[in-house]
*Asks:* 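Just passing along the structure, written as structure tokens.
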Amino acid sequence: MAQKKEKKIISYDTKQEITQEEIEEKRKEYKQAKPVGEAKPKRIGAIALWVAAVVFEVLAALVLFGKINLTFMPVMWQLIVFIVLDLACVIAGSQLWKKANHIDPASEANKVKFWLWNNMGVIVCVFAFVPIIILMLANKELDKKTKTIATVVAVIALLIGGVFSYDFNPVSQEQLDAAVDALGTEQVYWAPFGHVYHTHDDCQSLSQSESLTVGTVDQAIAEGRTRLCSFCAKRDNITGVATDGEDVDKALDTTDDEEELEEDGELIGADDLVG
């Protein structure tokens with residue numbers, strides 16, 4: 001069998017490399033999960049950035065109607081600059097809002113609030129770009145080149161903002177509570193660019209990851225890893241916790257069979273073929 005590759009494991013708390021022995025010590029020390037931060041300041045920051053985004057949209061509209069004219073810059077570039085600043089504020093605000101939702105998620109019991117909370121970034125993005133796009137298309141005084149280029153930039157900004165604002169891994173309060181109840185203060189692992197957390201650092205789906213972060217389950221969820229790895233859930237027989245939904249039965253059975261054959265020395269060799 002190929003030798004298992006050692007992984008670099010980083011502590012969520014210290015941001016420093018940590019050994020398995022230190023992980024075990026942390027597991028014993030944690031009476032309860034350490035707080036991962038407050039959601040309220042992040043929500044306030046998100047709202048402030050979104051307000052700034054709308055302000056930039058209004059400034060673009062004022063340029064469009066000739067109420068503002070930065071003489072050192074053509075109208076087309078004035079529009080593009082305000083649209084880009086609008087986009088930057090929309091994305092930054094949405095990232096803060098999503099972070100807050102992962103720390104303090106809405107309950108699925110209130111379906112309207114749950115939907116709004118998890119789609120607020122996209123809603124703001126629509127308000128931040130659709131009106132200015134309509135105004136540019138309806139403006140008959142704008143020259144064709146400026147209208148075409150500025151409108152295309154605004155549409156692209158709308159699409160980019162929408163993608164970055166949408167939460168592809170939303171979590172509910174019920175899901176967070178279920179994960180904390182099931183795993184408590186157990187240490188979990190997640191990869192730098194992964195979307196799930198793992199209960200085992202040697203999980204087969206982490207075979208390509210050279211570096212992992214270790215922390216508690218609520219810390220993992222706060223970092224956007226809102227689902228438990230299906231392989232780890234099956235391996236530990238964990239139920240009632242949101243997983244990545246993969247059908248891993250066949251994959252696990254195949255892996256187990258291969259490992260058993262290798263351990264027992266039952267792999268077919270040349271002698272078997274001849275005999």
Side-chain angles (χ1 to χ4, degrees), residues 7 9-15 18 20 22-40 42-43 95-111 113-121 166-206 209 211-249 251-252:
K7 302 183 190 302
I9 300 179
I10 308 298
S11 169
Y12 178 87
D13 297 320
T14 65
K15 311 304 180 189
I18 189 171
Q20 287 294 342
E22 290 172 320
I23 292 174
E24 289 300 325
E25 287 299 318
K26 276 183 172 289
R27 185 177 285 113
K28 295 175 184 177
E29 290 172 7
Y30 281 2
K31 301 294 183 183
Q32 58 183 14
K34 291 190 175 183
V36 295
E38 295 184 20
K40 187 175 180 180
K42 291 178 174 58
R43 295 199 194 281
Q95 297 308 304
L96 283 177
W97 189 265
K98 286 192 288 186
K99 179 81 170 179
N101 282 346
H102 292 161
I103 294 173
D104 181 27
S107 171
E108 288 183 294
N110 187 334
K111 296 188 182 301
K113 181 180 178 181
F114 182 73
W115 186 88
L116 285 174
W117 248 229
N118 287 293
N119 291 279
M120 190 65 72
Y166 185 75
D167 192 347
F168 291 93
N169 297 290
V171 63
S172 67
Q173 186 61 55
E174 289 80 4
Q175 290 173 341
L176 176 60
D177 291 343
V180 172
D181 288 344
L183 297 169
T185 58
E186 287 296 316
Q187 302 292 281
V188 297
Y189 307 85
W190 60 94
F193 303 106
H195 299 294
V196 298
Y197 58 90
H198 306 259
T199 52
H200 299 275
D201 64 326
D202 61 349
C203 175
Q204 63 193 77
S205 64
L206 291 172
S209 301
S211 175
L212 302 175
T213 300
V214 61
T216 52
V217 65
D218 57 335
Q219 291 171 340
I221 292 174
E223 289 301 307
R225 279 67 174 184
T226 59
R227 304 289 189 271
L228 170 62
C229 163
S230 296
F231 291 101
C232 293
K234 182 174 178 63
R235 182 172 172 179
D236 293 333
N237 196 27
I238 297 174
T239 59
V241 176
T243 69
D244 54 351
E246 295 177 356
D247 182 8
V248 300
D249 290 348
L252 282 173

*Asks:* Answer yes or no: is there a donor N or O on one side and an acceptor on the other, between the side chain of Ser209 and the main chain of Ser211, under 3.5 Å?
*Replies:*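 Flag not set: sc Ser209 to bb Ser211 has no pair under 3.5 Å.
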*Asks:* Are the side chains of Leu206 and Leu212 in contact, using a 4.5 Å heavy-atom criterion?
*Replies:*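 In contact.
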*Asks:* Tell me the closest heavy-atom pair linking Trp117 and Trp97, and the distance in Å.
*Replies:*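 For Trp117 versus Trp97, the nearest heavy atoms are O-NE1, 2.8 Å.
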*Asks:* Keeping Arg225 on the side-chain end and Gly194 on the backbone end, is there a donor-acceptor pair under 3.5 Å?
*Replies:*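 Yes, because the side chain of Arg225 sits within donor-acceptor range (under 3.5 Å) of the backbone of Gly194.
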*Asks:* Which residues satisfy the side-chain hydrogen bond (donor to acceptor under 3.5 Å, both in side chains) test with Arg43, sequence neighbours excluded?
*Replies:*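 With neighbours one apart ignored, the set is Asn101.
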*Asks:* With rounding to the nearest 0.5 angstrom, report the CD to NZ distance, Glu108 to Lys113.
*Replies:*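 Answer for the CD-NZ pair, Glu108 versus Lys113, is 13.5 Å.
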*Asks:* Could you tell me whether the side chain of His198 reaches within less than 4.5 Å of the side chain of Val188, counting heavy atoms only?
*Replies:*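 No, their side chains stay 4.5 Å or more apart.
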*Asks:* Do Ser107 and Ser172 touch side chain to side chain, with heavy atoms closer than 4.5 Å?
*Replies:*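 The answer is no; the side chains never approach within 4.5 Å.
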*Asks:* Working to the nearest 0.5 angstrom, can you tell me the gap between Cys203 SG and Tyr189 OH?
*Replies:*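 Reported value, rounded in 0.5 Å steps: 12.0 Å.
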*Asks:* Would you name the heavy atoms of Val171 and Pro105 that are closest together and state the gap between them?
*Replies:*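 Heavy-atom minimum between the residues: O-CB, 3.2 Å.
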*Asks:* Minimum heavy-atom separation for Pro170 and Asn118, please, with both atom names.
*Replies:*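 Scanning both residues, the minimum pair turns out to be CB-OD1, 3.5 Å.
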*Asks:* Distance from Arg227 atom CZ to Thr243 atom OG1, nearest 0.5 Å?
*Replies:*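 Going from CZ on Arg227 over to OG1 on Thr243, the span is 8.5 Å.
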*Asks:* Rounded to the nearest 0.5 Å, what separates atom OH in Tyr166 from atom CG in Asn119?
*Replies:*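 Rounded to the nearest 0.5 Å, the OH-CG separation comes to 6.0 Å.
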*Asks:* In Å, rounded to the nearest 0.5 Å, how long is the span from OG1 of Thr213 to CG of Asp201?
*Replies:*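 It comes to 12.5 Å.
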*Asks:* Main chain of Ala100, side chain of Asp104: is a donor-acceptor contact present, judged purely on distance under 3.5 Å?
*Replies:*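 No, the answer is negative, given that no donor and acceptor are paired below the 3.5 Å cut-off.
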*Asks:* Between Gln204 and Phe231 (side chain of the first, backbone of the second, donor and acceptor by atom type, cut-off under 3.5 Å), is there such a pair?
*Replies:*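 Here the side-chain-to-backbone pair does not exist.
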*Asks:* Rounded to the nearest 0.5 Å, what separation is found between the CD atom of Glu38 and the CD1 atom of Ile103?
*Replies:*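 If we round to the nearest 0.5 Å, Glu38:CD and Ile103:CD1 are 9.0 Å apart.
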*Asks:* Do any N or O atoms from the side chain of His102 and from the backbone of Asn169 form a donor-acceptor pair under 3.5 angstrom?
*Replies:*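 Yes; judged by distance alone, with no hydrogens or angles, the pair exists.
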*Asks:* Check step by step if side-chain contact (heavy atoms from CB on, under 4.5 Å) holds for Asp244 and His195.
*Replies:* CA-CA 8 Å; Asp244 54 351; His195 299 294; over 6 Å; no
*Asks:* Does the distance from a Lys or Arg side-chain N to an Asp or Glu carboxylate O, for Arg235 and Asp202, drop under 4.0 Å?
*Replies:*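 Yes.
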*Asks:* Less than 4.5 Å apart, side chain to side chain, heavy atoms only: is that true for Glu223 and Trp190?
*Replies:*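 Glu223 reaches Trp190 side chain to side chain.
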*Asks:* Would a 4.5 Å heavy-atom cut-off, applied to side chains only, mark Tyr197 and Thr226 as touching?
*Replies:*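 Contact flag for Tyr197/Thr226 side chains = no.
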*Asks:* Please tell me if the side chains of Ile238 and Thr199 come closer than 4.5 Å, counting only heavy atoms from C-beta onward.
*Replies:*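 Ile238 reaches Thr199 side chain to side chain.
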